[in-house]
2 protein chains.
Amino acid sequence: MAEQAAPRRADARRNEKALLDAAAAAFVAAGVEAPVRDIAARAGVGVGTVYRHFPTRADLVVAVYRHQVEACAEAGATLLAEEASPYAALARWIDLFVDFLVTKHGLAAALHSDGGQFDALHAYFLDRLLPVGTTLLDAAVASGEIRPGLRAYELMRGVGNLCIGADSDPGYDARRLVGLLIAGLRRAD
Amino acid sequence: MAEQAAPRRADARRNEKALLDAAAAAFVAAGVEAPVRDIAARAGVGVGTVYRHFPTRADLVVAVYRHQVEACAEAGATLLAEEASPYAALARWIDLFVDFLVTKHGLAAALHSDGGQFDALHAYFLDRLLPVGTTLLDAAVASGEIRPGLRAYELMRGVGNLCIGADSDPGYDARRLVGLLIAGLRRAD
DNA sequence: TACGATACGGAACAGCGTTCCGTTTAGCAA
DNA sequence: TTGCTAAACGGAACGCTGTTCCGTATCGTA
């Protein structure tokens with residue numbers, strides 16, 4: 001678990017850091033689909049260097065957002081322990097997830113893009129967040145607050161989809177629609 | 001309303017028909033983002049001819065799916081008249097919309113793509129379907145079945161988003177999630 | 001200081017959308 | 001039938017992507 005400082009050359013470590021900073025800036029300015037050349041230019045390196053450090057675009061995106069995804073994953077257990085009910089915890093956790101997605105230009109769209117470009121990104125999100133979602137969903141089913149039968153994968157996929165384009169369209173409030181979706185989960189009495 | 005046979009050259013009319021058929025086939029085989037060159041090759045014409053008949057890709061997509069969008073739009077009034085309640089009519093109409101989207105490879109994604117590539121497509125869908133959605137939504141609010149405050153644009157945008165990737169992912173059932181969203185619309189008693 | 005492994009940079013290639021213009025052809029008039 | 005012109009065609013060419021590849025530069029060390 002400790003941050004293993006890989007015994008690589010100093011310039012390689014420097015460039016990796018520069019690339020992470022440049023990518024973060026480029027993602028904010030132009031979305032996660034920012035041209036590789038732009039990112040390379042921002043970092044002051046050649047495109048070859050980008051691909052050497054991050055073989056696929058997904059690797060770069062994962063590296064940039066890893067901390068925030070980890071934080072979201074870890075928040076699950078905390079919420080379940082602290083909120084008034086499992087359903088409330090689930091709702092709050094989904095809010096965190098939505099806030100993360102809508103503030104990252106184009107990330108939600110990339111997450112579900114058809115091309116195999118972002119498969120590793122998709123896989124990473126699933127690996128880290130799906131177990132948390134499953135735990136929260138199971139708890140809410142067990143407490144009788146929501147109807148059973150929906151898998152966490154579908155829920156999170158649906159929530160992710162609802163976040164697509166939430167930036168860049170002032171007339172569309174993803175949070176509100178996600179709220180309706182979560183409301184629809186409640187057990188019909 | 002009558003089909004005005006434009007007084008153009010015979011080869012132009014022939015090629016337009018061939019392009020529509022070719023595009024429909026290409027969309028089925030490779031989605032609505034099928035390369036222009038592929039469509040041109042299927043139709044046996046040059047790429048220049050594609051752009052002459054359909055200046056933007058959106059024009060081509062609209063032309064291919066126009067009939068089905070019209071049918072969906074027209075179904076709104078029928079459902080409102082025939083279903084047991086406005087909410088039931090709304091639900092059935094949304095089902096029609098979802099069925100249309102999920103069976104058209106990549107159409108939902110294109111509808112909300114960030115690039116200005118499909119703006120005209122977006123606009124066409126809005127022009128034809130938004131009034132219908134507004135009517136159904138208003139009726140369901142008036143009948144007291146659903147909570148007020150959600151604009152038809154947001155609802156349809158959300159539904160469209162939920163349909164993204166519904167093909168090509170067997171583990172994701174867009175219809176179910178749309179159902180939950182519609183359920184979430186019900187007035188909380 | 002010299003050397004080898006490591007890493008770099010950017011030219012080069014492939015696939016896409018889009019434009020542009022020389023060539024072909026349909027339709028008509030003589 | 002022939003000739004003419006406007007309409008339409010085809011595809012080369014351009015620009016912008018991602019991605020690969022290899023000659024060159026640099027780091028770390030002996």
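Labels below follow one simple rule: chain letters A, B, ... track the order of the sequence lines, proteins then strands, and each chain is numbered from 1.
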Should B:Leu60 and B:Ile39 count as side-chain neighbours, where that means a heavy-atom distance under 4.5 Å?
-> yes
State plainly whether one hydrophobic cluster holds both A:Ile164 and A:Leu107, where clusters connect Ile, Leu, Val, Met, Phe, Trp and Tyr through side-chain heavy atoms under 4.5 angstrom apart.
-> no
Do B:Arg157 and B:Glu154 sit within salt-bridge range, that is, some charged N less than 4.0 Å from a carboxylate O?
-> no
Has A:Arg92 got its NZ or CZ under 6.0 Å from the middle of the six-membered ring of A:Phe97, at an angle within 45 degrees of the ring axis?
-> no
Walk along DNA chain D from 5' to 3' and tell me the first and last nucleotide with an atom closer than 4.0 Å to a non-hydrogen atom of chain B.
-> D:dA6 to D:dA13
Knowing that exactly one of A:Val61, A:Leu126, A:Leu121 qualifies, which makes a side chain to side chain contact (heavy atoms under 4.5 Å, CB included) with A:Leu111?
-> A:Leu121
According to the interplanar angle, ranging from 0 to 90°, do the rings of A:His122 and A:His112 count as parallel (below 30°), tilted (30 to 60°) or perpendicular (above 60°)?
-> perpendicular
Output every pair passing salt bridge (Lys or Arg N to Asp or Glu O under 4.0 Å) with a member in residues 127-150 of chain B, not counting sequence neighbours, ordered by first then second residue.
-> B:Glu70-B:Arg128
With A:Leu162, which of A:Leu181, A:Leu101, A:Leu180 fulfils side chain to side chain contact (heavy atoms under 4.5 Å, CB included)?
-> A:Leu181
Does anything in residues 49-58 of chain B reach DNA chain C, meaning a heavy atom under 4.0 Å, and if so which residues?
-> B:Tyr51, B:Arg57
Looking only at non-hydrogen atoms, find the nearest pair between A:Met156 and A:Leu129 and report the distance.
-> CE-CB, 3.7 Å
Whole-Å gap separating P (C:dG9) and CD1 (A:Ile39) | 15 Å
What residue pairs, at least two apart or across chains, pass side chain to side chain donor-acceptor pair (under 3.5 Å) with a residue in residues 20-35 of chain B?
-> B:Lys17-B:Asp21
Protein-nucleotides 27-30 of chain C N/O pairs under 3.5 Å:
residue, atom, partner, partner atom, Å
C:dG27, OP1, B:Ala10, N, 2.6

Is the shortest heavy-atom distance from the side chain of A:His105 to the side chain of A:Val32 under 4.5 Å?
-> no
Can A:Lys104 and A:Asp167 be counted as an ion pair, charged N to O under 4.0 angstrom?
-> no
Could you check which residues of residues 26-37 of chain A get a heavy atom under 4.0 Å from DNA chain C? Sort them by number, please.
-> A:Arg37
Any cation-pi pair here, B:Arg186 with B:Tyr87, using under 6.0 Å and within 45°?
-> yes
Under 4.0 Å: is that the gap between some side-chain N or O of A:Asn15 and OP1 or OP2 of C:dC8?
-> yes
